[in-house]
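Read through the structure below, which is laid out as structure tokens, and then see the notes.
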Amino acid sequence: MKFRRILLPLIFLCVLVLPGCSAVKPWQRVYLNDPEMQMSSWSGITFEDYVHSIRTGSVVSGSKKSSGGCGCN
Amino acid sequence: MKRRYLVIGMLAMALKGKPQASDQPFQKREIPKTDIEVLFSFYNQDGDHSAVTGGTGTEKLNVYAPGFNLDFQKIKSKIGFSGGVDIISSASTDKIDFVESSASLVDHRVHADFDYAHQIGNKDMVAGVGTGMSFESDYFSIPVRASFNYTTPSKMQQVSAAASVYFDDLRWGRRVGPGITPPETLIYPSELRYKEWYNTHNRYTYNLKTGFEQVINKRLVAAIYPELIIQRGLLATPFHRVYFTNDSVRVENFPDKKTRFPIGAKARYFAGNKMVIKGGYNFYSDDFGITAHGIDLEIAVKVSPLVTLSPFVRGYSQTASRFFKPYGQHDPSSRYYTSDYDNSAFRSVKAGLGFRWAPFGYFSKNGIFNEVNIRYAAFFRSDGLSAHMVSAAFSLSRLKKTDTTPGQ
């Protein structure tokens, strides 16, 4: 139920945002191709997400790891 | 007069000029062959709510975590190896036996992963499989995973999905050395070893991650990551004590099923010519009663063409699991119980600074030094736990020169 409460506004947001998207030509991708614009994260952030999954009751969505370690200390 | 000089100049350029490289039937192109990343992370924490001693006592912990990633890149496929050793020095682990053997007990986690990804046809569609292992004295985990990624021809959208299963064994006593010893038993606190508290020592985690990335315009990209995690088996930690109102003590106990729903949204915006604003929101809910919200903000500032500084902050809040109560407050008639403050209600803040130096310079004929990443974060939890994290990564590439046919 709580999940649906979050998911529905996000879908609504997508519906609002998608028509506002403008086509980007290959020669216009200089900003989008910048390393800082990439969604993937380097190993240091993956390590922090792993710590987060241990030191809180939740996991970061889209992070590399959701189990596979004790983290029980 | 001027026209004559112009004509002579143009003739000289025509005679001196050479055709552009792209007009040649074959051109030389460089393809990254191997990417190498060497990583070192350090984690330090202190607090006063150790789950080993029932929600009270020191949580002092140090983790040194060296590791590496190797990616062998071919035209249509990629093979990845990664591995590392976590050296864990934990004060609370001594309290399992109440043996003050040292200021802290040292444990190790050895982990290794293998991944293979292949491009399907000539399209921007990549499928991958992977496996690995994670090994501790009291934990052994084998993951198996498959992934799929598709980028539309316009490069405006990207869809990804990854399914993984973790097979975990929580028994203690295995050792790797001259002779591998098999695991023996679940380890309970010393005074609670008079009986077996659980009827299984296995934990299974089924994970489905999905992602949808959308380019909004030439400066803005956004993504959403819904995820589903289902866990079965022994979800409690056998050496976590729980104290009850009648002064009795037992080991932590949870239901043997757990369903978790994380969902996250991210956005990246390139502001001006030197700044990237990174924002994120994460929501989490599970059927143990925890609901969490997290907000991230990072601003990457390119202080020079090679150097980027990235201050960041993350705010987080979660409700308590319905099985959580502090030391000595559990009802003896309860069926499930924990005093692990990771499952309590709290707020936390994490803040820090990232440093990136990306010279992309050759250090040998085929070797490129890509970048150095260093990141520091301080983490404070409202129950008093504090932690510090430092990560440093060095990234290199070894290139292979190949001849390619026209049009490639």
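Lettering follows sequence order; numbering is per chain, from 1.
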Between B:Met156, B:Met133, B:Met389, which residue shows the highest count of heavy-atom pairs closer than 4.5 Å to chain A?
B:Met156
Among B:Val63, B:Leu170, B:Asn217, which residue has the highest count of heavy-atom pairs closer than 4.5 Å to chain A?
B:Asn217
Measure [X] against the heavy atoms of chain A and call it side chain, backbone, both or neither at under 4.5 Å.
X	answer
B:Phe346	side chain
B:Arg145	neither
B:Ala358	neither
B:Phe68	neither
B:Tyr341	neither
B:Thr308	side chain
B:Ala223	both
B:Asp286	side chain
B:Val221	both
B:Leu385	side chain
B:Tyr225	both
B:Asn282	side chain

What is the ring orientation for B:Tyr204 with B:Tyr206, classed by angle as parallel under 30°, tilted 30 to 60°, or perpendicular over 60°?
parallel
Main-chain N/O of B:Gln231 paired with B:Arg260 side-chain donor or acceptor, under 3.5 Å:
no
With no hydrogens and no angle check, is any side-chain donor or acceptor of B:Arg381 less than 3.5 Å from a backbone partner on B:Ser348?
no
What do the steps show when you test A:Glu36 against B:Arg268 for salt bridge (charged side-chain N to carboxylate O under 4.0 Å, His left out), and what is the final call?
CA-CA 8 Å; A:Glu36 295 293 341; B:Arg268 304 273 187 270; over 6 Å; no
Looking only at A:His52, A:Arg29, A:Glu48, most heavy-atom pairs under 4.5 Å shared with chain B are made by A:Glu48
I'd like to know if B:Lys302 pairs up with A:Asp34 as an ion pair, taking the criterion as any Lys NZ or Arg NE/NH1/NH2 lying under 4.0 Å from an Asp or Glu carboxylate oxygen.
yes
Give the intermediate values and the outcome of salt bridge (charged side-chain N to carboxylate O under 4.0 Å, His left out) for residues A:Arg55 and B:Glu59.
CA-CA 11 Å; A:Arg55 281 293 77 95; B:Glu59 292 178 274; 5.3 Å; no
What are the two closest non-hydrogen atoms of B:Asn343 and B:Phe324, and how far apart are they?
O-CB, 3.7 Å
What residues form a side-chain hydrogen bond (donor to acceptor under 3.5 Å, both in side chains) with B:Asp86, not counting sequence neighbours?
B:Arg109
By side-chain hydrogen bond (donor to acceptor under 3.5 Å, both in side chains), which residues pair with B:Ser391, not counting sequence neighbours?
B:Ser41
With a 6.0 Å cut-off on ring centres, are B:Phe288 and B:Phe323 close enough?
yes
